[in-house]
Amino acid sequence: MPPLARCDVRNLVRNLGAHARPSQQRAALAVFEQLYSAGWEEDYPGIVAAIVAAGAIPPLVQLLYPGSTDDVQQSAAEALTFIAHYAENAVTVAAAGAIPLLVQLLGLGSTARVQQNAAGALTALAQQADNQATIGAASAIPPLLQLLRSGSSTEPQQFAIGALGSLAVNADNAATIAAAGAIPRIVQLLGTVSSAEDSAAALMNLAKHAEVAVTIAAAGAVPALVQLLGPGSTEKVHHKAACALKNLAAVNNDNRVTIDGAAGAIPPLVRLLRRDTHEYVHGAATSALHSLARDAANQATTVAAGAVPLLLHLSGPGAPDEHVQGLAAATVGLLSQSSELFALLVAAGG
């Protein structure tokens, strides 16, 4: 029998309330953890919906207040993280007053696990656009930066990078993160295996903003991102690194020259167009090549790297992804603008 069917969810929610004993609150939080952990193999949306419908959000937020023990705050923040993955729930969690409490839990008075789970909850909440501004206005960025710079524990750093990356979609937050001097630290963490994906994702979002993109390039991010395109990285890291390079190239002409001229990004991006690479990586690599191909020198390099046959395949009628198909066709169009390169395209079958 599925775990949800064995539970009286409303009774569990009652055991989270202020009138429940701490032992009851811990027991209820433990069952909730079992429910959403099992949800990955069962009906995760249904399990979260049942928990929310039973009225769990307000008492979970109350458990974040000072006076709750560290383990209760830790578990409550983790539960809110899972609940807030759905946009409508993220709005409800924020409206219940969770954001300032979670920001407070990022402080030095909290344990590393409490800080980690508070940052995770803020990351989930920041997937909703209005929450990004609210979290920034609640002064979340300074304590997240403090966690980012801390050398005491790796996991809180990773969660802090995730939260900063989500907040950076908002232009004001991105400017605040850059002005606080966080970008060199994020670039440094690109070289850490455990933090590479989250750091590349943070730079991907920060690089959407033109002024911040200049700062990112000046901090030495381009060669570090290009290195992540190599065979030693996972496909998820390939995807985030390629997207970051695409954004850097899209908003700044000088970056287009730097990305290939100094860092040699085009050959590894072309290698990501191979047929044995996942479609979402194809999309990111093609998008990056399209942005870079706006520079004439990069066009020649792209053709010389063997991109044309791969782009023609991705733009063909049997292409599995219409978005990638359109990007590949647009990139071929840019490459064909030069008469010399057009002759090479024809020779390659275009």
Side-chain angles (χ1 to χ4, degrees), residues 80-95 98-100 102-103 106 118-148 157-187 189-190 195-217 219 221-222 225 228 236-252 255 280 283-284 287-288 291 323 327:
L80 290 169
T81 300
F82 283 89
I83 289 171
H85 275 298
Y86 296 92
E88 63 274 17
N89 294 340
V91 173
T92 306
V93 171
I99 289 173
L102 290 166
V103 171
L106 296 172
L122 290 170
T123 301
L125 289 166
Q127 303 309 309
Q128 205 276 335
D130 289 342
N131 285 348
Q132 293 164 10
T134 303
I135 294 168
S139 300
I141 291 174
L144 286 169
L145 293 176
Q146 184 65 34
L147 288 178
L148 185 69
Q157 282 183 11
Q158 288 179 250
F159 278 79
I161 296 169
L164 290 167
S166 296
L167 292 172
V169 175
N170 176 281
D172 290 338
N173 290 340
T176 299
I177 292 166
I183 288 174
R185 177 58 174 159
I186 297 173
V187 171
L189 290 170
L190 287 172
S195 300
E197 181 183 344
D198 290 327
S199 299
L203 292 174
M204 173 185 75
N205 287 336
L206 286 161
K208 293 177 181 177
H209 312 285
E211 292 184 3
V212 180
V214 174
T215 305
I216 292 170
V222 172
L225 288 166
L228 292 179
K236 288 183 177 180
V237 172
H238 286 157
H239 173 256
K240 298 297 192 303
C243 285
L245 289 167
K246 176 261 180 184
N247 290 342
L248 286 169
V251 300
N252 186 276
N255 284 350
Y280 74 95
S287 186
S291 291
H323 176 66
L327 279 172

- Task: Over all heavy atoms of both residues, which pair between Val103 and Ala140 is shortest? Give the atoms and the distance, please.
- Result: CG2-CB, 3.6 Å
- Query: In Å and rounded to the nearest 0.5 Å, what is the CD to OG1 distance from Gln158 to Thr123?
  - Reply: 11.5 Å
- Task: Go through the structure and list residues passing side chain to side chain contact (heavy atoms under 4.5 Å, CB included) with Ala178, not counting sequence neighbours.
- Result: Ile183, Val212
- With sequence neighbours left out, which residue pairs that include part of residues 157-173 fulfil the salt bridge (charged side-chain N to carboxylate O under 4.0 Å, His left out) condition? none
- Return the minimal non-hydrogen interatomic distance between Ala126 and Leu167, and the atom names on each side. CB-CD2, 3.9 Å
- Under the side-chain hydrogen bond (donor to acceptor under 3.5 Å, both in side chains) rule, collect the residues that match up with Ser287, sequence neighbours excluded. none
- Does anything in residues 129-138 pair up under side chain to side chain donor-acceptor pair (under 3.5 Å), and if so which pairs, sequence neighbours excluded? none
- Query: What's the spacing between Ile141 CD1 and Ile177 CD1 if we round to 0.5 Å?
  - Reply: 4.5 Å
- Message: Test of understanding: with side chain to side chain contact (heavy atoms under 4.5 Å, CB included), list the residues that count as partners of Ala175, not counting sequence neighbours.
- Response: none
- Query: Which value, rounded to the nearest 0.5 Å, describes the distance between Thr81 atom OG1 and Leu125 atom CG?
  - Reply: 7.5 Å
- Note on the structure: Ala98 meets the side chain to side chain contact (heavy atoms under 4.5 Å, CB included) criterion, sequence neighbours left out, with Val61, Leu64, Val93, Leu102
- Message: Using 0.5 Å steps for rounding, measure from the OG atom of Ser199 to the CG atom of Leu190.
- Response: 5.0 Å
Could you pull out every donor-acceptor pair under 3.5 Å between side chains of residues 236-246 and any protein atom, sequence neighbours left out?
| residue | atom | partner | partner atom | Å |
| --- | --- | --- | --- | --- |
| His238 | NE2 | Leu229 | O | 3.3 |
| His238 | NE2 | Gly230 | O | 2.7 |

- side chain to side chain donor-acceptor pair (under 3.5 Å) contacts in which one or both residues fall within residues 175-184, not counting sequence neighbours: none
- Can you tell me which residue pairs pass the salt bridge (charged side-chain N to carboxylate O under 4.0 Å, His left out) test with a partner in residues 198-215, sequence neighbours excluded? none
- Message: Treating Asn247 as the side-chain partner and Ala207 as the backbone partner, does any N or O pair qualify as donor plus acceptor under 3.5 Å?
- Response: no
- Task: Identify, with sequence neighbours excluded, every residue that meets side chain to side chain contact (heavy atoms under 4.5 Å, CB included) alongside Val214.
- Result: Asn252
- Task: Taking side-chain hydrogen bond (donor to acceptor under 3.5 Å, both in side chains) as the test, write out the residues that go with Gln127, two or more places apart.
- Result: Ser166
- Item | Minimum heavy-atom distance Gly136-Asn173, with the two atoms named | CA-OD1, 3.4 Å
- Query: What is the distance from atom CG of Leu164 to atom CG of Leu148, rounded to the nearest 0.5 Å?
  - Reply: 6.0 Å
- Below 4.5 Å, heavy atoms only, C-beta onward: do Leu225 and Leu248 meet side chain to side chain? yes
- For His209, the ring-ring contact (aromatic ring centres under 6.0 Å, His included) test, sequence neighbours excluded, returns none
- Residue pair Leu206 / Leu203, side-chain heavy-atom distance below 4.5 Å: yes
